[in-house]
Amino acid sequence: MTASPADAGSRPPGPAPAGPTRPGPGGPAPGHCARAWWAAVALVLVSAGLRVAVAVLAPGALGAPVRAAAVLAALVGLVAAIAPGLATRRARRTPGAASLAAPAALGALGAGGLLVDLTLLLDPVSAARPDVLPSGTSTLPPALGAALVAADVALIAAATVATAGLVALARTSGRSVFGTQRGASLLRPVAGALMAAAGLVAAPFTVVGPGTGFAPHAVLDTPAPAGAGIALLAVTVVVVALLPGVRAFGTTGEGGPAHRRPTEADETGMRVRRAVHTALGAGLVVGIAPVLAASFTRDGLAVSPGAVLAVVGGLLVIGLPARTAVLRSRAVGVAALLTAVAALFGALLPTLSGASDAAGSPFVTGTGILLLPAAGVLAVPALLVVVGTPRLVVRARPTLSVAWLTVPFAAGPALDVVLAGVDGGGTPAAALDPGLGTAGATVPQVGVGTGGWAVVLALVLAVLTAVLAVGAGFAERRDVAGGYAPLGARPTDGTDTVEPDPTMLPMAALAAVLAVPGFGGPLARDALAANAAGGAWQNPGAAAWGSLAGVVGVAIAALLAPRARPARALALLGAAGTLLVVRLSALVLTPPRPGESVGIGTWAAVAGLLVTLAAAGVAIMRIRQASRPPEPAPPPARGEPSAG
C-alpha cells in the first residue's frame with residue numbers, strides 16, 4: 001500500500017516523499033477539491049435549512065422541546081459536516097481528504113432517510129413520526145413533506161459530490177485517501193455502529209397511552225418504503241464506519257514491517273477517520289433526537305430501548321477523538337453547551353405536571369427559574385471554548401472546570417420539588433412550592449413535568465462536563481510536558497507558578513471563607529428555607545447539597561488561583577464570580593415576601609463577589625506585567641568590567 005494524500009496543509013514543509021508526482025498548490029487536484037467541497041457544503045446547508053423550516057412550520061401542537069430538538073439537530077449535523085473544511089479554510093489551506101470525507105459520511109445517510117420521509121407523502125397514516133405529526137391519524141402538508149424529501153436528496157447529492165472529489169484526489173495523487181495505518185482504531189466506532197444499527201431496526205418509541213394514533217413497529221413489521229429505508233440506514237451506518245479501514249487491514253506500510261514509525265499517511269488516515277466517524281455519529285444522534293424529544297414530552301409516548309441504543313451507539317461512533325488538550329477542551333465545551341440547553345429547558349418548562357385542585361386546574365411550579373442565569377453564565381465560556389482559537393481555548397477551559405457547579409446549585413430547589421412530585425398525589429402543596437395555597441393544603445394529582453426531566457438531564461450533563469474537564473486538564477499538562485510526562489505531573493519548564501501570589505492569596509482565602517455564609521445564609525430575613533432566596537443549612541435536601549456545591553466551587557477556584565498562571569487564575573476567579581452572581585440572582589428572580597429585609601447571605605455573597613473581583617484585578621495586572629518586554633540592562637559604569 002502507498003501513503004495517502006493529507007488534507008491540504010497537514011504535511012509539514014519539506015521535500016515531497018518519493019513516489020508518483022503530487023500536483024502542486026496550483027494543480028488540478030487542489031482546485032477540484034476546493035470546488036467539490038464548496039458544492040458539498042452548499043448542498044448540506046440547503047438540507048439543513050429545509051429541515052429547520054419544516055420543524056418551525058409543521059402544524060399541530062408538537063411542543064416546543066420537539067421543535068427545538070429538530071432545529072438543533074439540523075444545525076449540529078451541518079456543523080459536523082463542514083467543521084473539518086472550515087478549519088482548513090481558516091488556516092488558509094486547500095480542502096483535502098478529511099474536508100471532503102465529513103459531508104460524504106453525513107450525506108450517505110440521506111438514501112435511507114429519503115425512503116423514510118417518502119412515507120409522509122405516499123402513506124401518511126402509516127408514518128409513525130411524532131416529531132412532525134401531531135397524531136398518528138393526521139397528515140403533513142404536501143409542501144412540508146416535499147421539503148423533507150428535498151432535504152434528503154440534497155444530502156445524497158452532497159455525498160456524491162464529495163465522493164467524486166475524494167476519487168479524483170486519489171487518482172491524481174496515486175495514493176489512498178484512507179492512509180495505511182492498521183485498523184485497530186476502528187474497534188470502538190464499529191462497535192458503536194453495530195449498536196446503533198440494532199437500535200435503528202427496533203421500535204423508535206413506545207406507546208403507553210390511548211389516543212395517540214401512532215403504531216411504531218420494528219423494521220420487519222414496518223411497511224415499505226419506511227421499512228426499507230430503516231434497513232438501509234442500519235446497513236449504511238455499519239458500512240460507513242468500516243470504510244476508513246478498508247485500505248488499512250493487512251498493510252505494513254511503505255517497505256517496512258508492521259511496527260513501523262508513524263508517517264504522513266498515518267496522520268492523514270487519522271484525520272479522515274476522525275472526520276468520517278464524527279459526521280456519521282453526529283448524523284445518527286441528531287436523526288433520533290427529535291423522536292427522542294417527542295418520546296419524552298408528548299402525552300401517551302415513552303422512550304424505547306431502540307432509541308437509547310441508537311443514541312449510545314452514535315456517541316460511541318463519535319467517541320473522544322481528541323488526542324490533544326485543545327480538542328479535549330472543545331469536547332468539554334460541547335458538553336457544557338448541552339448542559340446549558342438542558343438547564344434552559346428546566347428553567348422555562350414546568351417542573352411538575354398535574355392538577356392543583358379537584359376542578360382540575362393545571363399545576364405549574366417555577367422552582368427551576370434559578371437555572372436561567374446558570375444556563376447563561378455556563379453557555380458563554382462554553383461557546384468560547386468551542387469556537388475560540390487554540391490559545392483562547394486553553395485559557396478559557398479552566399472556567400468550565402468550576403462553572404459547571406452552577407447547575408447543581410441552581411437545580412437544588414427544583415430537584416427537591418421533583419423528588420416530592422415523584423411521591424404522587426396527596427403531597428403537601430407547601431412542600432412543592434411555598435407560594436401554593438394555605439398551610440395544610442394538598443395537591444391531589446401531581447407528577448414530574450417536562451422541566452423536571454430537563455433538570456435531571458442538566459445534572460447528568462453537568463457531571464459529564466466535569467469529568468471531561470478533568471481529562472482535558474490532564475491532557476494539557478501532558479502536552480506541555482512534551483507528551484511523555486505522567487498525567488497530572490507539573491511541567492518541568494516553569495510554565496506553572498509554584499509559589500502562591502502573595503497579593504492574591506489573602507483575597508482568595510477571604511473569598512473562600514465568605515462563600516460559607518454567602519451560600520448557606522438566607523438572602524432575605526424571614527424567608528422560608530425552602531424558597532430559592534432562603535438559607536439551605538437549616539433545611540437538608542437537594543437545595544442544601546446544591547449550596548454545598550456552590551461553597552466547594554468558590555473555595556476550590558479561589559484557593560487554586562494564587563498558585564496558577566495569571567491567565568488560569570483569571571479564569572478560575574471568573575468561574576467563582578459566576579457562582580456568586582447566580583446565587584445573588586435569586587433576589588431578582590424570586591418574588592419578595594412581605595416584611596423581608598436583606599439577610600446575611602446577601603451581604604456575604606456581595607462581599608465575596610467584590611473580593612473575587614479584586615483578586616481578578618491582580619491577575620490582570622500580572623498578565624499585563626508578563627506581556628511587557630523586558631527592560632534592557634543598564635550599561636556598566638566606567639571602569640567596571642563588563643560581563644562576557
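All heavy atoms count here, side chains included; hydrogens, waters and symmetry mates do not. The structure displayed is predicted, hence computed values, not measured ones.
Rounding to the nearest 0.5 Å gives a distance of 6.0 Å between CG of Leu200 and CG of Leu284. Atom CG of Leu371 and atom CG of Leu344 lie 9.5 Å apart (nearest 0.5 Å). A distance of 9.5 Å separates OG of Ser295 from CG of Asp131, quoted to the nearest 0.5 Å. Distance check: Leu301 CG to Leu292 CG gives 11.5 Å after rounding to the nearest 0.5 Å. Here the straight-line distance linking atom CG of Leu457 with atom CZ of Phe296 works out to 7.5 Å at 0.5 Å rounding. Residue Leu121 holds its CG atom at 8.5 Å from CG of Leu148, rounded to the nearest 0.5 Å.
Counting only heavy atoms from C-beta outward, the side chains of Leu459 and Pro408 approach each other to under 4.5 Å. Residues Val161 and Arg35 are not in side-chain contact: their nearest non-hydrogen atoms beyond the backbone lie 4.5 Å or more apart. At a threshold of 4.5 Å between non-hydrogen side-chain atoms, the residues Arg129 and Val116 count as touching. A 4.5 Å side-chain heavy-atom check between Leu75 and Arg51 finds every atom pair outside the cut-off. With a 4.5 Å cut-off on side-chain heavy atoms, Leu86 and Trp37 count as touching. In this structure, Val276 and Leu243 have side chains that are not in contact, with every pair of non-hydrogen atoms separated by 4.5 Å or more. Contact annotation: the side chain of Ser47 never approaches that of Asp152 to less than 4.5 Å [non-hydrogen atoms, C-beta and beyond]. Put simply, the side chain of Met195 reaches to within 4.5 Å of the side chain of Val312, judged on heavy atoms.
For the 3.5 Å distance criterion, the side chains of Thr339 and Thr465 qualify, holding a donor opposite an acceptor.
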inquiry  = Show, in sequence, the C-alpha distance, side-chain angles and deciding distance for Leu106 and Leu280, and conclude whether the side-chain contact (heavy atoms from CB on, under 4.5 Å) test is met.
reply    = CA-CA 5 Å; Leu106 182 68; Leu280 178 65; over 6 Å; no
inquiry  = Run Leu370 and Ser585 through side-chain contact (heavy atoms from CB on, under 4.5 Å) and show every step you take.
reply    = CA-CA 8 Å; Leu370 203 58; Ser585 65; 3.6 Å; yes
inquiry  = Applying side-chain contact (heavy atoms from CB on, under 4.5 Å) to Leu384 and Thr399, what does each step give before you reach the verdict?
reply    = CA-CA 10 Å; Leu384 294 178; Thr399 305; over 6 Å; no
task = Evaluate the criterion side-chain contact (heavy atoms from CB on, under 4.5 Å) for residue pair Arg397 and Leu468; output intermediate values, then yes/no.
result = CA-CA 11 Å; Arg397 193 269 311 161; Leu468 294 179; over 6 Å; no
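Under the 3.5 Å distance criterion, the side-chain polar atoms of Thr163 are left unmatched by any main-chain donor or acceptor of Thr160. At distances below 3.5 Å, not a single donor-acceptor pair connects side-chain atoms of Thr278 with backbone N or O atoms of Ala275.
Closest of all the heavy-atom pairs between Leu461 and Leu338 is CD1-O, 3.6 Å. In this structure, Ala58 and Leu144 approach most closely via the heavy-atom pair CA-CD1, 3.8 Å. Scanning both residues, Ala203 and Ser304, for their nearest heavy atoms gives O-OG, 2.7 Å. Between Ala466 and Trp404 the shortest heavy-atom distance is CB-CE2, 3.3 Å. Minimum interatomic distance between Val402 and Ala575 (heavy atoms only, all atoms of both residues): CB-CB, 3.6 Å. Of all heavy-atom pairs between Val240 and Ala105, the closest is CG1-CB, 4.1 Å.
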